[in-house]
Amino acid sequence: MAKKNLPYDQKYYDPEIECMPREELEKMQLERLKEMVVFAYENAPYYKREWDKAGVDPYGITSLKDIEKFPFIDKKTERDTQGVGSFFGELCAVPEEDVVFMATSSGSTGVPTMSPFTQEDFDLWQDTEARLFWQAGMRPTDRYVHGLNFALYVGGPDVIGAQNLGATAIWVGAVPSDRLLFVLKQYQPTVIWTSPSYAWQLGNKAIEKGYDPKKDFAIHTIIVAGEPGGSIQSTRESIENLWGAKVVDFFGLSDIYGACAAMCEAKDGLHIVEDQILVETVDPQTGEVLEPGSQGELVYTTLTKKARPMIRFRTGDIGYVSNEKCECGRTLGRIHIQGRKDEMFIVGAVNVFPTDVEYVVRAEEGLTGEYVIRVYTENFTTRYEVSVERSAGSEEPYDAVSRRVEAALKAHCGVRPAKVKVYDAGKLGAESEHKASRFIDER
């Protein structure tokens, strides 16, 4: 499925899909939805049982809105059905011998869940990844370093998407920073994919080792995923200024694909692959379907994946969808993710997401950009505190740093933290070789 012979100055990898008029796109989605719902009903034991119980008709879909009649599934559904009746469980719609690849979730919200792929699923996934790489600016002339974990992680095989595009792929994976810096210096790759926090850490470690990331390396594009930082302007710009390279945010789910959405040059949300994923936004509490543009929980339905169809999967991500044509010319909708439902906290009737805090910390002068949020209950009231680091060599008094960060958080988030703790550079302990955990919920 590789497309290695595209003109390098061609803007779109697949213009027919990426720029399809909305009416035609929705017509294609409807045809694929009809087929997928029937396929799921006839082949996945869970859907047949639950849809019969709910009294919904998988053969009666006549519009995209008809999907709203079907019950939701979520992570708990995956865990409860995994291993039931077969190795992959009751959501799987193909025999095990048809599965050629499986990934798992990280297990950060419970037992890791398996994600199976048929050969057809896998090939389409990697062609989609090539499309998103092209959108990010990768071309066959690039040398690409895949700095993601290969061990069960759904993003691991996405290196094949770079190869399908024609780029030279360097399969590095999750290695110590010194080893990765050697690769960047020795082989002069031009594109790298890692997490936002690690891109920041790696750039600073390069400087500690005596490198200038802007001059000693050839990186022109840093693809980031796994954390929200790539879509937070202050974080993105901090990484860009450190490396002298552009940062492009990608989004994937082990439950769906490692290639679900990616940023374009407009940097206004992430174009989701609507030819393969139907997106809804629902009220997080009631499940009521909201209009496009309204903030709520994002819900995905797979339109092509056969091994494990995901019909109305509640992601736990809070955000909104833009369906209007982007200034880049693409008509595929854009998702704007604000944060995780399970990480949002309410202080003084104000909704706060970790992304709000990160925006402030990465934008403030005199800080390293590292932070940890602790949310707790005191006297039956939810409170939060933030720990930050002052920059290396800074002599600004700790209390002065604390006061100005408190004020900035109050101005941006709408509610002042109970406390801002200030550490010297490198003393907070929030650094991570790859995906960082910065949210501590003690409620």
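What's counted below: heavy atoms across the whole structure, side chains too, no hydrogens, waters or symmetry copies.
- Using a cutoff of 4.0 Å between basic side-chain nitrogens and carboxylate oxygens, E68 and K65 are scored as salt-bridged.
- Between the side chains of E389 and T368, at least one donor N or O lies within less than 3.5 Å of an accepting N or O.
- Under the 4.5 Å side-chain criterion, counting only non-hydrogen atoms from C-beta, E274 is in contact with L25.
- In this structure, a donor-acceptor pair under 3.5 Å is present between the side chains of T118 and D121.
- Shown are R79, Q82, K75; of these, the side-chain hydrogen bond (donor to acceptor under 3.5 Å, both in side chains) with T113 is made only by K75.
- Taking the charged nitrogens against the carboxylate oxygens, D249 and K267 have no contact shorter than 4.0 Å, which rules out a salt bridge.
- Under a 4.0 Å N-O distance rule, the pair K421/E385 qualifies as a salt bridge.
- Residues Y198 and S177 bring a donor and an acceptor atom of their side chains to less than 3.5 Å of each other.
- Electrostatic pairing of R403 and E406 does not count as a salt bridge here, judged by no charged N lying under 4.0 Å from a carboxylate O.
- A cation-pi geometry, defined here as NZ or CZ lying under 6.0 Å from the six-membered ring centre and within 45° of its normal, does not hold between R362 and Y359.
- Counting heavy atoms from C-beta on, the side chains of Q338 and D356 come closer than 4.5 Å.
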Worksheet item: Given F133 and Y144, is the ring pair (Phe, Tyr, Trp, His ring centres under 6.0 Å) satisfied, shown in steps?
Response: CA-CA 10 Å; F133 278 143; Y144 167 65; 5.2 Å; yes
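- A salt bridge (Lys or Arg N to Asp or Glu O under 4.0 Å) with E324 is found for exactly one of R334, R330, R22, namely R334.
- Proximity of C328 to H271: side-chain heavy atoms (C-beta onward) are separated by under 4.5 Å at one or more points.
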Practice prompt. Show your reasoning for whether side chain to side chain contact (heavy atoms under 4.5 Å, CB included) applies to I311 and I73.
Written response: CA-CA 7 Å; I311 311 298; I73 61 172; 5.5 Å; no
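- Looking only at atom types and distance, the side chain of Q163 has a donor-acceptor partner in the side chain of W171 under 3.5 Å away.
- H336 and S322 share a side-chain donor-acceptor pair at under 3.5 Å.
- At a cut-off of 3.5 Å, with distance as the only test, no side-chain donor of T281 or E297 sits close to an acceptor on the other residue.
- Here the side chains of Q276 and W125 are not in contact, with every heavy-atom distance at 4.5 Å or above.
- Using modelled atom types, one finds a donor on one side chain and an acceptor on the other under 3.5 Å when comparing D127 with Y13.
- At least one test fails for R139 against the ring of Y8: distance under 6.0 Å to the centre or angle within 45° of the axis.
- No donor-acceptor contact under 3.5 angstrom links the side chains of S238 and N241, judged on distance only.
- At a threshold of 4.0 Å, the pair R131-D275 counts as salt-bridged, since one of the basic side-chain nitrogens sits closer than that to a carboxylate oxygen.
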Worksheet item: Taking it one step at a time, do E24 and K27 satisfy salt bridge (Lys or Arg N to Asp or Glu O under 4.0 Å)?
Response: CA-CA 5 Å; E24 292 182 25; K27 182 179 178 181; over 6 Å; no
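- No more than 12 heavy-atom neighbours from other residues, nucleotides or ligands sit within 6.0 angstrom of CD on E16.
- S402 places a side-chain N or O within 3.5 Å of a backbone atom of V420 that can act as its donor or acceptor partner.
- Under the 3.5 Å distance criterion, the side-chain polar atoms of E129 are left unmatched by any main-chain donor or acceptor of V159.
- Counted within 6.0 Å of OH on Y12, heavy atoms from surrounding residues, nucleotides or ligands total more than 12; the atom is thus considered enclosed.
- Using modelled atom types, no side-chain atom of D123 and backbone atom of E120 make a donor-acceptor pair closer than 3.5 Å.
- The shortest distance between side-chain heavy atoms of I272 and L332 does not fall below 4.5 Å.
- Note: F101 and F122 meet the aromatic proximity criterion, with ring centroids under 6.0 Å apart.
- Remark: K11 does not engage E18 in a salt bridge, criterion side-chain N to carboxylate O under 4.0 Å.
- For H146 and W193, the gap between ring centers is short of 6.0 Å.
- Within the 4.5 Å cutoff, side-chain heavy atoms of I170 are placed close to those of V183.
- Taking the ring centre of F70 as origin, the terminal cationic atom of R312 falls outside the region bounded by 6.0 Å and 45° from the ring axis.
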